[in-house]
Amino acid sequence: MNELLKELNSQQREAATSVGGPLLVLAGAGSGKTRVLTYRIAYMIGEKGVAPWNILAITFTNKAAKEMADRVEKLIGETAKDMWVRTFHSACVRILRRDIDRIGYDRNFNIIDSDDQKSVVKECLKELGFDEKEFPPRSVMSEISFAKDKLLTPSQYALEYGDDYRKKQIANLYSLYQKKLKVANDLDFDDLIMLTVKLFSDAPDVLSFYQNKFRYILVDEYQDTNKAQNELIMMLAKEHRNLCVVGDDDQSIYKFRGADISNILDFEKEFTDARVIRLEQNYRSTQNILDAANNVIKNNFGRKGKNLWTDKGEGEKITVYKAQNEHDEASYIADKMYSLSINGYRYSDMAVLYRANSSSRTLEEVFMRKAVPYRVLAGLRFYDRKEIRDMIAYLRLIKNPDDNISLRRIINTPSRKIGKVTLDKIAAAADREGCSLLKAIGNHIDTLGASVAEFYKLIEELLVIARENTIPELIEAVYEKSGYKEFLKTDEKAQERDENIGELINGAANYMENNEEATFEDYMDNLALISDIDNYDEELDAAVFMTMHAAKGLEFPIVFICGFDEGIFPSFMSSYSSEETEEERRLCYVGITRAREKLHLTCAHSRMLYGKTSNYKPSRFLEEIPENLKEIIDNSPTIGDYEIKIPKAVSHNAPESSLFASAPSAPRRTNTQTFSAGDCVIHKKFGRGIIISANSVGNDIHYEIAFESVGTKNLLGLYAKLEKGD
DNA sequence: ACAGGCGCAGTTTTT
DNA sequence: CTGCGCCTGT
């Protein structure tokens, strides 16, 4: 154990070994936070004799939970399995499954996701006669979510905000929404937290059971907690007061979804005897990168204050590229990456970060054209795909036949000719008789027509199958007997969707293999909470594009951040309040500190947004980085250029090539020699090879070349500097 | 019940 | 410029 502690610096060691009482660890980016947490747990169990089952470690994502559990297990072995290392939500599900009946709910609840939430909100809007334009479902959802984050019930919300006309309406919607969920025995993600808090306050014996169980509590990413989550932790920690929270106020970037930075800022007020430890030594980046980050973030008020340092040395300057427009910007990035790849970097060492996902489009176009390998981390997650969500809705209805929300989703998917009129009839009956939709169908089976009767029979049949078969078999049966499989055949993406459902079945089989004791219910909880399959393929050698939000917690040797323009980053959406601008600045801090060795920041003089081209000023965040840390490459048009070229060209829709052919960043044609299939060529890095194919791409030629030493590569003539071999 | 056309709005996202 | 939601016509 003492050997282990030698691997920590003195602050880290102090954080790992201060076991009793409240502790706040302010862990700067790249300061070895996860290492401290895992060593701390190992130390508690190994040295202090703390029982693993007395430990609760809370994270936000499943990925983080899994990583922490794995690392602790590596340090101390199997016994680690007795700890709870869970996300807020999965811990709450486990608590609620045991005791939610104490507060008048059914233990067999289903968990719905935001897509279902939205359809319930829409139902509510319709029933109350509200206009979707005046009350966009998205904003109603987030209002309800904020209410729950603040632990406000519909009536408390109405009391608090009822003076505001709009909020009064929202309160009505919230109330109806809640009623619908309750009838369907569904909980949304926010309910999981809020109801656990309610359970703890209404049933003190349950609370004291968990207080006694979890004598040692650790919370990661504490700056991301909302009020409800904080309250939950405070209730649990109150008795034994062994609470260690780890976070970085400068990396709080989730206010928009309810994170309350005051939880971390006020921790010392909550616990006046709290010990505070700062981890400021950074093991990730060069000093120049850290100085840039420090200089940006110091413009924020209301922070705890921290200054990252490293013993790695200065490193390279930060390159700032001022592009003419977004195409030029993307070309710069692609070209730079290509030349780095020639100089020994792997593409997977490089990332492009941006403020909003929409930025990926131009990047993709340019990278595609230049044949620079990339992948985009965003897009649809596996469980968000329509076909998967439909299958899950069937499963949820089977698990909990009261689940009206799931029933509505699938009663006419695939089409069974059950439309609005029939559904309204069913809903009216259910309302009258105070039962679920499916029960109402059962009660009136003879009057609702053949297709409804057939649907009812289908569900009954599936309920039997669920009782007698394994989960993969059940999903298979749902897929076939519901007619979904047949229905997919007419879909344009038939094969892909079919494969996805195959993947769902595989996943279920895997889950059951790894969790032999698991029930259908456990599997469904797992589906609801582990909503993204980890398809991050580390092996694939491609540059990765993602938002700065998505990059939190990751690091790359080479980082490009694009869109450093006022209005883009910081986004004009956040220009109304200084609070929001500060959150943007924290996002900038997160982005910069992802880089290990080299950072490129780019802005563009003009860019097209929403179909309109306009001019932009460089981001204030660029100005906040001191001159001596930056190396500026200015490719923005001079005044003369700008007046002569841009307006005319744009207004006449000139082809891109005539506008930008002379852009200095465009690769210079140093070698106009071209080759065709069968020719022997020599490449500076890959050596001798034979051209397999040559296809012109724009004004360039795309070669597929079989090299003697490195195998087949795809290269572009303009970049590859090929010479004739013999 | 569904396809096709129009009009409008437009960050970030885990569970 | 997109994508989504509503409306209309079959």
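Because the structure is predicted, anything quoted here is derived from the model rather than measured.
- Using a 4.0 Å cut-off, some side-chain N or O of A/Tyr610 falls inside it from OP1 or OP2 of B/dT11.
- Separating the CG atom of A/Asp131 from the C1' atom of B/dG7 is a distance of 14 Å, rounded to the nearest angstrom.
- Listed pair A/Lys552 / B/dT14 fails the phosphate criterion, with no side-chain N or O lying under 4.0 Å from OP1 or OP2.
- Not one side-chain nitrogen or oxygen of A/Ser114 sits closer than 4.0 Å to the OP1 or OP2 atom of B/dT15.
- The CZ-C1' distance, from A/Arg361 to C/dG3, rounds to 9 Å in whole Å.
- Counting any heavy atom pair closer than 4.0 Å across all strands shown, A/Glu580 reaches a base atom.
- Nucleic acid contact class of A/Leu187 (heavy atoms, under 4.0 Å, all strands): none.
- Remark: A/Asp116 engages A/Arg396 in a salt bridge, criterion side-chain N to carboxylate O under 4.0 Å.
- For A/Ser415 and B/dC2, the shortest distance from a side-chain N or O to OP1 or OP2 is below 4.0 Å.
- For A/Thr547, the listed nucleotide lying nearest its side chain is B/dT13; candidates were C/dG5, B/dG10, B/dT13.
- Remark: side-chain polar atoms of A/Asn62 are paired, donor with acceptor, to backbone N or O of A/Leu529 under 3.5 angstrom.
- Rounded to whole Å, the distance from CE on A/Met546 to P on B/dT14 is 12 Å.
- A salt bridge is defined here as a Lys NZ or Arg NE, NH1 or NH2 lying under 4.0 Å from an Asp or Glu carboxylate O, and A/Asp188 with A/Lys148 meets this definition.
- The salt bridge (Lys or Arg N to Asp or Glu O under 4.0 Å) search around A/Asp99 returns none, not counting sequence neighbours.
- With centres under 5.5 Å and a plane angle under 30° as the test, the ring of A/Phe88 is not stacked against the base of B/dT15.
- Listed nucleotides: C/dG5, B/dT11, B/dT13. Nearest to the side chain of A/Arg355: B/dT11.
- To the nearest angstrom, P of C/dG5 lies 20 Å from CZ of A/Phe130.
- Between A/Asn62 and B/dT15 there is a side-chain polar atom (N or O) within less than 4.0 angstrom of OP1 or OP2.
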